[in-house]
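Right, one structure below, let's go through it.
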Amino acid sequence: MKAPPFRYARPRTLDAALKLLADEGDGARLLAGGQSLVPALNMRLLEPALLIDINGLSELTGIAETAGGIRVGALTRHAALGASAAVARRAPLLTAAVPFIAHEAIRNRGTFGGSLAQADPAAELPACVVALDAQLEIAGPRGRRRVAARDFFKGVYETALARDEILLAAEIPAQRGATLFLELARRQGDYAIAGLAGWAAVRQDRIAEARLVFFGTDIRAVEAKAASAALVTSLDAAVAALDRDLTPVADLNASAAMKRHLAGALLRRACAAALTRAA
Amino acid sequence: MSETVTIRLTVNDAPVERTIAPRLNLVDFLRDELGLTGTHWSCEHGACGACTVRVDGEIVRGCLIFAVQLDGANVETIEGMSESGALADLQAAFHARNAVQCGFCSAGMLLTADALLRRNPAPSRDEIRAALSGNYCRCTGYHAIVDAVAEAAQRRAQRR
């Protein structure tokens, strides 16, 4: 199907975009890469009165290394994120995740911030920013605020963003260990049935510290705190601890029990790969 | 803001100006406004890849971008890429390998394969399959298409 009629605005400044958003209220949607929004429009799941095209707002663009890590603008395209040498240096988990996001034609348009604001529970980037302890910078009519990534994702397509706010960027501390990234999907480029994003600090052939975040299993990207802590003791204990961390939800691809099983399998594979690489 | 918007852009090296409704997507703009029917539409939600075109040198889904967003952009379609000869070797390989049956997916397949070969001149078969995984073909079973892309890659390598 085709998108329903809407009015179109392309503000030149962030303030103008925020004003349009405030004035239009619930009838407005932000258009960034459009790779989730436009399908929803074409399928008539949404019928906004106004699309506010935020492409080109300078406050939302660019990748910059900072003293402690890296700042990634919300409008960074997936392809640019994956190709960035600075991202590969500071947050290689993101570099590892990008090839799993849809397909080249979609990665050329889809944006980093769009994926975070969309908050699909099976998407890669929300899990990555939780694993990397990112702070998300948000602008709204009441000024700017920061929200920790781990507090940002609330549920299926639900975030801490208010209707009148715009996500500007993620401030990401430098990654503290070797990349752990794996996902299982029926085909290359599909949303994950189950995925694992995280990092592990390996010392003397042992995992000394780890951060594990699962996606595609629950209603949002979930930090597996019990499993991350148990991993220092034993892999079997960590896999068992996933029972405390995860509340898997069945979808068209897999039952809750299968997702729980796959999460354990991913954890075993990821740790084996991290230890092999470190050896 | 208004009900219609005037855009100026370049399509296959020619300047174009049209006044359009914002809801018009790029594929319908190309087909209905410009008569460029080589770009096909099918799923209209980004899954099938039939509508693949190039915008500012990068492949995109034509069904997931509105023409109104493309003021000032440079758009290239299968028509322009065929006439320039940019795809001639891929097209010859698709023909030779029987990688075309009904032809509905071919424009998208060719532009996607071309994008792959530009960034990775010597792809493995797995890399070819991964690159084409977002383009559906319901006739060939893909094997002949992978063969054709591999052949074109070899020919490009020999020319260098």
Side-chain angles (χ1 to χ4, degrees), chain A residues 1-11 16 20 23-24 27-29 31-56 77-80 82-83 99-110 114 185-191, chain B residues 1-5 7 20-28 32 41 43-73 108 111-116 118-120 126-136 142:
Chain A
M1 284 194 292
K2 318 289 184 188
F6 52 83
R7 287 174 293 123
Y8 173 83
R10 184 164 188 167
L20 282 167
D23 290 349
E24 191 73 26
R29 298 292 291 211
L31 173 61
Q35 303 302 286
S36 298
L37 176 62
V38 183
L41 296 175
N42 289 356
M43 290 190 271
R44 305 289 176 109
L45 300 172
L46 293 173
E47 256 182 84
L50 173 68
L51 283 197
I52 303 169
D53 186 344
I54 57 173
N55 285 281
R77 312 272 175 203
H78 300 318
F100 291 88
I101 303 171
H103 311 283
E104 180 178 353
I106 288 168
R107 292 193 293 268
N108 284 337
R109 288 298 299 176
R186 291 179 70 92
R187 293 173 311 174
Q188 166 86 30
D190 281 4
Y191 277 107
Chain B
M1 277 179 281
S2 63
E3 299 296 311
T4 58
V5 180
I7 56 168
I20 51 160
R23 67 185 285 252
L24 186 67
N25 70 39
L26 176 56
V27 199
D28 288 337
D32 299 343
W41 62 262
C43 78
E44 296 191 311
H45 63 268
C48 77
C51 63
T52 304
V53 294
R54 289 165 65 86
V55 172
D56 295 332
E58 294 181 328
I59 55 169
V60 303
R61 298 286 205 235
C63 72
L64 298 188
I65 187 164
F66 295 112
V68 69
Q69 297 178 265
L70 296 173
D71 191 44
L111 292 181
T112 303
D114 176 65
L116 167 67
R118 283 169 192 245
R119 73 178 150 76
N120 180 1
D126 282 348
E127 287 170 332
I128 294 170
R129 283 189 176 276
L132 297 178
S133 62
N135 289 71
Y136 289 3
Y142 301 98

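In what follows, chains carry the letters A, B, and so on, assigned in the order in which the sequence lines appear, proteins first and then strands, with residues in each chain numbered from 1.
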Among B/N25, B/D28, B/L111, B/L24, residue most engaged with chain A (heavy-atom pairs, under 4.5 Å)
B/D28
Side chain, backbone, both or neither: which part of A/N55 has an atom under 4.5 Å from a heavy atom of chain B?
side chain
Report yes or no: does A/N42 contribute a side-chain atom to a donor-acceptor pair with the main-chain N or O of B/C63 at less than 3.5 Å?
yes
So do the side chains of B/P22 and A/R7 get within less than 4.5 Å of each other, counting heavy atoms only?
no
Between B/E58 and A/R77, does the salt bridge (charged side-chain N to carboxylate O under 4.0 Å, His left out) criterion hold? Intermediate values first, please.
CA-CA 12 Å; B/E58 294 181 328; A/R77 312 272 175 203; over 6 Å; no
Atom CZ of B/F66 and atom CG of A/L31: how far apart are they, to the nearest 0.5 Å?
7.0 Å
For the student: nearest non-hydrogen atoms of B/G46 and A/I106, plus distance
O-CD1, 3.6 Å
Any donor and acceptor pair, going by atom type alone, linking the side chain of A/N108 with main-chain N or O of B/I59 inside 3.5 Å?
yes
Residues, nucleotides or ligands: over 12 heavy atoms within 6.0 Å of A/R186 CZ:
no
Closest approach of B/S133 to A/Q188 (non-hydrogen atoms, all atoms of both residues):
OG-CG, 3.2 Å
Flag the one option from B/T52, B/L116, B/I65 with the top tally of heavy-atom pairs under 4.5 Å to chain A.
B/I65
Determine whether A/K2 and B/R23 make a side-chain contact, defined as any pair of heavy atoms from C-beta on separated by less than 4.5 Å.
yes
Structural part of A/P4 lying under 4.5 Å from a heavy atom of chain B:
backbone
Is the shortest side-chain heavy-atom distance between A/R10 and B/D71 below 4.5 Å?
no
Test side chain to side chain contact (heavy atoms under 4.5 Å, CB included) applied to A/H103 and B/T112, step by step:
CA-CA 10 Å; A/H103 311 283; B/T112 303; over 6 Å; no
Side chain, backbone, both or neither of B/R129 within contact of chain A (heavy atoms, under 4.5 Å):
neither
In terms of heavy-atom pairs under 4.5 Å, which option from B/A21, B/A47, B/A131, B/G134 contacts chain A the most?
B/G134
Given a strict heavy-atom distance threshold of 4.5 Å, which part of A/L51 is in contact with chain B: side chain, backbone, both, or neither?
side chain
One option among A/G189, A/G34, A/P5 has the most heavy-atom pairs under 4.5 Å with chain B, and it is A/P5
